[in-house]
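What follows is a set of notes on a single structure, which appears directly below.
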Amino acid sequence: MARRKAVPPVARPTGRRRLVELGKDLLILLLTCSALLLAWQTPLATQLRGWVTPPVQAAGPEAQQPEGALTPYALTARNSRGLYGTAYDKEGVARAFEQLSPLLEEGFATADAPSGITRRQWQDLLSAPGVYCAFQGKPPMAALSAWLGEGTLSQGQAQALLLAWDGSQVWLCWRDGNHYYRSRTQVAYQDHLETALGEFSPNGAAFAYVLAQTDEAYASVDPDVLVSMTVPQPREYLVSVPDLTGDQEVLGRLLSALGFQSGVGSAYETAGGLALNEGGDRLRMSDTGTVVFHAGEESRYPAAVTSLEEAAMAAWNLLNRAAGPWKGDADFVLTGAEEVEEGWSFTFHSRLGGVPVQTSPEGWCASFTVAGGRILDFTLTLRIYTITEIETLLPSERLAAAAMNAPSMRGQGKRLTLCYSDTGAAALSAGWMAED
């Protein structure tokens, strides 16, 4: 019988050899990960990331209430001791509004059918114990009613709200230009509104209509302008524009925020910027930070809304999502709404440190059209604002008001407003502005 050959012995690796082999494996793994990471930064990978990223969905009725979208820039609380007022102060206004807004919510929730009142009746209520809020632009009453109190007041718009006690009844009032309205509420005064107002101490603030009785400098100023005891000292801001047309990483962040999946490699040059077409939707980006969107046949930003306030919320959420990487300390507030075919158009303004910012020639930084169950188009002006330690030295409101009496400025009822004007300069300084 043939003998089976013996199996040659196999050398077993030593402990040191195992460590060497393990080190080689780890090195190969690290090199592979580094190569993948570098590849992931290429334009092709940016496009691939777009393919695997789901489209942005516009907020619907289930979205949360947009915090700060209807915060006033000025607020007063009047009690038996006098008037407390704060304006152009983000933290001060926010604290007072948070403390007093539940009263406005109750007012909206219990308001009955509104009726028109005269300027004199409005002024009498403005001089009574109550809460007054001044807003940028004219936000719609439907949004104010729904977001502040889930009420039923849905007609018109309001540049100011007032909740006041006339001695026997608490009224919810609002102003729309030169028209004034009020609704009876179920808000109790004794041990409720009176108690909340009593927590504020008078600080020398006054309305222009009171000051005009003894000082002609305020003759041309809107009578509801709030004049503080001290002159505001807003900070200066440095201004820069996101490089949407020259920096692929910046452009990629914008496209990702907006849910465009084709990536930066699909963008092509146009006069003054870049453009991208995807699924019939058109997106234009300029070197001045302007972003313009027009929808095609698809619903990139569906908005299954049935009311103005839900549509405004969908637009506000998309605005914050798109501008989020660059907005910094800027806040966006709803300033206007108009009905269009099958929907509404909205405007939003920005605010820095509680001071309004005038961005476009019309003042707004964003406009949206929501119609037919989707966001049809929008225009955004993207900015990066960086606060500095420099304080702006402003003339007093009295001097600014007196300047409005000059022949070139003459005219009753101009609203004296502190604001930043973003005209393309590298820095922003606040100043007084006379608005019609």
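The analysis underlying the following values was restricted to heavy atoms, covering all of them including side chains, and did not include hydrogens, waters or symmetry mates.
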Q | CA sep, side-chain torsions, deciding dist, call: Thr423, Ser421, side chain to side chain donor-acceptor pair (under 3.5 Å) | A | CA-CA 6 Å; Thr423 58; Ser421 294; over 6 Å; no
(Q) I'd like to know if the side chain of His192 pairs up with that of Glu106 as donor and acceptor (distance under 3.5 Å, no hydrogens or angles considered). (A) yes
Q. Any chance the side chains of Thr230 and Ser228 put a donor and an acceptor closer than 3.5 Å?
A. no
Q: Give me the ring orientation class for Tyr84 and Phe200: parallel if the planes are under 30° apart, tilted from 30 to 60°, perpendicular past 60°.
A: tilted
Q) So, Asp222 and Arg175, do they make that salt bridge, N to O below 4.0 Å? A) yes
(Q) As a quick check of understanding, evaluate ring pair (Phe, Tyr, Trp, His ring centres under 6.0 Å) for Tyr301 and Phe293, giving each step before the final call. (A) CA-CA 11 Å; Tyr301 308 116; Phe293 168 82; 5.1 Å; yes
**Q.** Cationic tip of Arg78 above Phe207 ring, under 6.0 Å, 45° of axis
**A.** no
Q) Do the ring planes of Tyr180 and Trp122 sit parallel (below 30°), tilted (30 to 60°) or perpendicular (above 60°)? A) tilted
Q | Check ion pair Arg300-Glu278 (N to O, under 4.0 angstrom) | A | yes
Q) Atom CG of Leu352 and atom CG of Asp331: how far apart are they, to the nearest 0.5 Å? A) 8.0 Å
Q: May I ask you to check whether Asp422 and Thr359 show a side-chain donor-acceptor distance below 3.5 Å?
A: no
Q: Verify whether the ring centers belonging to Tyr73 and Tyr88 lie closer than 6.0 Å.
A: yes
(Q) One pair to check against side chain to side chain donor-acceptor pair (under 3.5 Å): Gln123 and Arg119. What are the steps and the verdict? (A) CA-CA 6 Å; Gln123 195 162 294; Arg119 169 67 203 181; 3.1 Å; yes
Q.
For Glu236 and Thr388: C-alpha separation, side-chain torsions, deciding distance, then whether side chain to side chain donor-acceptor pair (under 3.5 Å) applies.
A. CA-CA 6 Å; Glu236 291 187 7; Thr388 72; 4.9 Å; no
**Q.** Intermediate values then yes/no, side chain to side chain donor-acceptor pair (under 3.5 Å), Glu199 and Gln99
**A.** CA-CA 10 Å; Glu199 298 183 14; Gln99 190 170 347; 2.4 Å; yes
Q. Between CD1 of Ile117 and OG of Ser183, what distance do you get to the nearest 0.5 Å?
A. 9.5 Å
Q: Considering only NZ, NE, NH1 and NH2 on the basic side and carboxylate oxygens on the acidic side, decide whether Glu389 and Arg235 come within less than 4.0 Å.
A: yes
Q. Does a donor on one side chain and an acceptor on the other come within less than 3.5 Å for Tyr268 and Asn277?
A. yes
Q) Angle class for the Trp174/Tyr181 ring planes (parallel below 30°, perpendicular above 60°, tilted otherwise)? A) parallel
